[in-house]
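What follows is one structure encoded as structure tokens, with my remarks underneath.
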Amino acid sequence: MSDSSTDESLPDLSAFLQTDSYIRHYEGELRRRYKRFAERLAQLEEAEGAFDYFTLSYRSFGIQRRSDNGLVLREWAPGAEAVFLTGDFNSWEKQSHPFTQKEYGKWELYLSPKVDKSPAIKHLTKLKLVVLTKTGEYLFRISPWAKYVTKTLDAITYDWTHWDPPQPYQFQHPRPPRPSSLRIYEAHVGISSPEEKIASYRNFTRDVLPRIKDLGYNCVQLMAIMEHAYYASFGYQVTNFFAASSRFGTPDDLKHLVDTAHSMGITVLLDMVHSHASSNTEDGLNYFDGTDSCFFHGGSRGNHSLWGSRLFNYSSWEVVRFLLSNLRWWMEEYHFDGFRFDAVTSMLYHHHGIGTSFSGNYSEYFGIHVDEDALVYLMLANHILHKLYPQCITVAEDVSGMPGLCRSIEEGGLGFDYRLTMAVPDKWIQVLKEVRDEDWDLKNIVQTLTNRRRGEASITYAESHDQALVGDKSLAFWLMDKEMYTNMSALTAMTPVIDRGIQLHKLIRLLTHSLGGEGYLNFMGNEFGHPEWLDFPRKGNNESYHYARRQFNLVDIEHLRYRQLYAFDRDMNLTEDKYGWLAAGQAAVTTLNQADKVIVFERSNLLFIFNFHPCNSYIDYRVAVEHAGKYPFTRDLQKTSTL
């Protein structure tokens with residue numbers, strides 16, 4: 001793959017320096033980072049022949065079926081003394097099928113076809129690797145490249161189930177064009193039904209995708225797709241990086257979901273967890289070859305002290321192969337359109353953000369506390385994705401505010417397209433918890449909504465899955481609390497609590513949508529004010545699914561006021577689709593009247609006027625505008641502005 005990173009004129013920091021004068025002091029650091037990236041890229045291409053080939057290693061590792069149905073198996077287990085394959089196909093004989101040791105810690109095994117020319121291992125066969133350690137211990141392991149793992153109800157760990165269907169899924173629909181205004185619906189397949197159960201990919205395809213389309217979202221971000229043994233981890237303790245979670249259905253079911261979304265013009269992002277991995281051994285990557293340093297840093301550096309998970313060694317050649325190939329796998333095999341990279345802050349810093357309060361001082365972003373191996377990995381990931389898939393979208397979850405995170409690599413950045421503005425939902429929760437309506441500090445709210453790095457795009461949200469989890473409350477619950485259970489019917493009189501709650505729910509979301517960023521995100525169910533928190537089945541709740549669901553049925557009952565919240569959210573998105581304020585430049589706030597509780601700003605040739613006063617309405621209210629003329633009132637949101 002030809003590459004511009006060898007151009008000695010790069011990085012071109014002119015735009016970066018022009019928009020951020022504070023970065024000039026660290027110009028040398030930016031150039032040094034870029035040089036490390038360029039050198040790493042050149043090393044990989046020289047050693048592997050082509051970067052494209054290196055990142056398609058899922059086609060050579062794991063189990064590969066040749067055209068004659070012979071099977072080639074390849075694994076990387078540098079700490080192993082020997083490796084064997086066992087399973088249904090050989091009656092679970094532990095040592096009958098040994099791998100041959102190759103250089104650089106690799107192991108290979110060839111299985112010739114059966115007499116009838118069929119593969120030696122058929123579709124859905126249960127398998128295990130047997131790893132003999134240097135100390136003489138036999139360990140049963142799942143291949144890190146396993147494409148499908150399953151678990152029976154009475155089992156403790158997952159099984160490696162060979163996935164090689166006789167008729168592979170054929171995608172019918174191309175990827176939709178990349179949206180200029182990104183409106184993201186954050187979703188979890190397993191909780192996507194009102195029923196107290198784990199919902200399926202097919203359920204989501206049939207019941208939820210049409211709602212997402214109707215609501216005007218043009219992108220769905222799928223959580224918890226990469227296999228994770230512990231359901232309550234919300235998908236953030238990944239055990240099997242190449243396997244789509246079987247608790248929701250088969251790989252083909254997920255492909256059908258993505259294909260159907262594309263047919264609706266909906267872009268599909270995957271929640272990508274390359275920041276850490278589950279500490280599971282029998283069905284995860286931990287101690288895969290009998291050592292603690294195969295995929296991860298050895299010793300304490302390889303353990304996350306808060307999450308109890310393992311931390312990747314991004315300086316390792318084979319770890320980079322594994323992770324970059326993982327990105328290619330989800331793009332190629334499942335046709336995802338991009339990724340939301342989880343816990344980027346934990347990757348960027350040796351302290352992982354633990355016990356650290358980022359003040360914005362630029363010394364926090366440069367120096368020995370930055371994990372430059374991880375930083376270079378993220379640059380490589382963004383480079384390969386955007387070079388091979390120009391329409392690909394990458395989003396970073398970073399709380400630190402790293403400068404250049406969302407600038408192109410050629411400009412001295414890390415190459416992400418968007419960052420999540422994580423301070424905004426925290427601000428809304430803080431305001432609702434601690435401040436009376438009449439005491440809201442509008443200047444502070446506006447400052448939070450507009451405080452983002454110039455030249456770097458942001459995705460803003462009033463609340464995400466974090467605020468829905470047990471122990472916290474959604475915006476609707478903070479606003480209306482227990483009255484949501486008794487007073488959301490239009491057949492009864494409107495109470496002051498519900499009236500206030502509904503109106504503020506709308507105002508908060510519209511202000512965040514229109515002022516806060518270049519993209520917008522909503523977590524499933526919050527658009528209609530889902531009345532309960534989210535809690536996965538666990539010992540602490542007697543393994544109950546009561547709160548591990550989304551009650552979409554509430555929207556379908558005509559007399560419930562959830563329908564009005566749903567309708568407002570839909571009209572808000574459709575209005576943005578019509579006028580495109582997310583794709584426009586940052587808004588110009590022209591009026592910020594603390595006494596009157598009025599905010600006025602212009603964006604995308606629209607004039608936004610918000611009145612947050614709990615008591616006062618205004619007639620003939622004078623506001624400043626950039627251009628003189630008549631400003632007709634848009635009725636796109638009027639029909640849902642009142643109940």
Side-chain angles (χ1 to χ4, degrees), residues 172-173 175-189 191-195 199-223 256-269 337 459 461-465 468 474-476 488 490 502 505-506 509-510 512-514 519-531 549-583 634-643:
Q172 303 298 313
H173 305 283
R175 289 184 169 99
R178 173 172 166 160
S180 57
S181 292
L182 200 59
R183 302 182 297 275
I184 302 174
Y185 195 84
E186 185 185 33
H188 185 291
V189 170
I191 64 170
S192 62
S193 167
E195 299 179 54
S200 67
Y201 296 123
R202 290 192 171 274
N203 165 84
F204 192 92
T205 303
R206 181 188 66 245
D207 298 336
V208 182
L209 282 180
R211 292 186 187 272
I212 296 173
K213 178 67 174 178
D214 179 63
L215 280 163
Y217 291 94
N218 54 21
C219 178
V220 59
Q221 177 184 302
L222 293 178
M223 310 172 63
H256 178 61
L257 187 163
V258 175
D259 204 11
T260 304
H262 286 168
S263 74
M264 298 177 172
I266 297 174
T267 294
V268 188
L269 302 183
D337 303 294
I459 291 172
Y461 50 104
E463 53 185 335
S464 71
H465 67 271
S474 66
L475 289 181
M488 286 297 281
I502 285 177
H505 193 269
K506 295 175 181 179
R509 295 170 74 84
L510 179 58
T512 304
H513 201 308
S514 55
Y520 178 76
L521 179 143
N522 165 69
F523 178 64
M524 64 188 309
N526 287 348
E527 70 276 4
F528 63 85
H530 196 278
R549 58 186 179 132
R550 296 279 92 178
Q551 299 181 58
F552 291 108
N553 55 301
L554 297 174
V555 178
D556 300 328
I557 302 174
E558 289 195 11
H559 65 82
L560 292 185
R561 294 186 168 103
Y562 298 105
R563 287 177 67 88
Q564 281 73 38
L565 293 175
Y566 178 99
F568 183 87
D569 199 78
R570 179 188 59 217
D571 292 343
M572 179 174 65
N573 283 321
L574 295 180
T575 304
E576 195 289 325
D577 186 61
K578 179 178 179 180
Y579 296 102
W581 59 70
L582 290 173
T634 176
R635 299 185 179 275
D636 296 280
L637 288 168
Q638 186 184 31
K639 57 187 176 184
T640 56
S641 60
T642 58
L643 296 179

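All residue numbers refer to positions in the sequence shown, counting from 1.
Looking at residues two or more places apart in sequence or on another chain, you find no salt bridge (charged side-chain N to carboxylate O under 4.0 Å, His left out) involving Glu186. For Ser464, the side chain to side chain donor-acceptor pair (under 3.5 Å) criterion is met by Gln467, not counting sequence neighbours. Legend: residues meeting ring-ring contact (aromatic ring centres under 6.0 Å, His included) with Tyr217, ordered by chain and number and at least two apart, are Tyr185. Shown here are the ring-ring contact (aromatic ring centres under 6.0 Å, His included) partners of His530, two or more places apart in sequence or in another chain: Phe528. Applying the side chain to side chain donor-acceptor pair (under 3.5 Å) criterion to Arg211, with sequence neighbours excluded, gives Asp556. Qualifying salt bridge (charged side-chain N to carboxylate O under 4.0 Å, His left out) partners for Glu527, counting only residues two or more places apart in sequence or in other chains: none. In terms of the ring-ring contact (aromatic ring centres under 6.0 Å, His included) criterion, Tyr562 has no residue partners (sequence neighbours excluded). Ala476 meets the side-chain contact (heavy atoms from CB on, under 4.5 Å) test with Ser474, Met480, Met484, His505; sequence neighbours excluded. For Ser180, the side-chain contact (heavy atoms from CB on, under 4.5 Å) partners at least two apart in sequence or on another chain are Ala583. Thr267 meets the side chain to side chain donor-acceptor pair (under 3.5 Å) test with no other residue; sequence neighbours excluded. With sequence neighbours excluded, no residue satisfies side chain to side chain donor-acceptor pair (under 3.5 Å) with Glu195.
Looking at every heavy atom in both residues, Asn218 comes nearest to Pro179 through ND2-CB, 3.5 Å. Nearest heavy atoms, Ala462 versus Leu475: CB-CD1, 3.7 Å. Shortest non-hydrogen contact noted between Val220 and Phe204 is CG2-CZ, 4.1 Å. Residues Leu182 and Cys219 share a closest heavy-atom pair of CD1-CB, 3.9 Å. Taking every heavy atom of both residues into account, Leu521 and Gln221 meet most closely at CD1-OE1, 3.8 Å. Closest heavy-atom contact between Trp581 and Met572: CH2-O, 3.8 Å.
For the pair Arg509/Asn522, a side-chain contact is recorded, criterion being any heavy-atom separation below 4.5 Å from C-beta on. No side-chain heavy atom of Leu560 sits under 4.5 Å from any side-chain heavy atom of Tyr566. Arg550 has its side chain within reach of Asn526: a pair of non-hydrogen atoms, C-beta onward, lies under 4.5 Å apart.
Residue Met264 holds its CE atom at 9.5 Å from NE2 of His173, rounded to the nearest 0.5 Å. Between atom CG of residue Leu269 and atom CD1 of residue Ile459 there is a gap of 7.5 Å, rounded to the nearest 0.5 Å. In this structure, CD in Gln172 is found 10.0 Å from NE2 in His256, a value given to the nearest 0.5 Å.
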Worked verdict on Ser192 versus Asn203 for side chain to side chain donor-acceptor pair (under 3.5 Å): CA-CA 8 Å; Ser192 62; Asn203 165 84; 3.2 Å; yes
Could you go step by step and tell me if His513 and Asn573 meet the side chain to side chain contact (heavy atoms under 4.5 Å, CB included) rule? CA-CA 9 Å; His513 201 308; Asn573 283 321; 3.0 Å; yes
Walk me through it: do Leu565 and Arg561 pass the test side chain to side chain contact (heavy atoms under 4.5 Å, CB included)? CA-CA 7 Å; Leu565 293 175; Arg561 294 186 168 103; over 6 Å; no
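Applying the salt bridge (charged side-chain N to carboxylate O under 4.0 Å, His left out) test to residues at least two apart or on different chains, the pairs with a partner in residues 175-184 are Arg175-Asp337, Arg178-Asp417, Arg183-Glu576, Arg183-Asp577.
Proximity of a side-chain donor or acceptor of Arg549 to a complementary backbone N or O of Ile191 within less than 3.5 Å is not detected. Of the possible donor and acceptor atoms, none in the side chain of Lys506 sits under 3.5 Å from a partner among the backbone N and O of Phe568. Using a distance-only test at 3.5 Å, with no hydrogens or angles considered, no donor-acceptor pair links the side chain of Asp569 to the main chain of Leu215.
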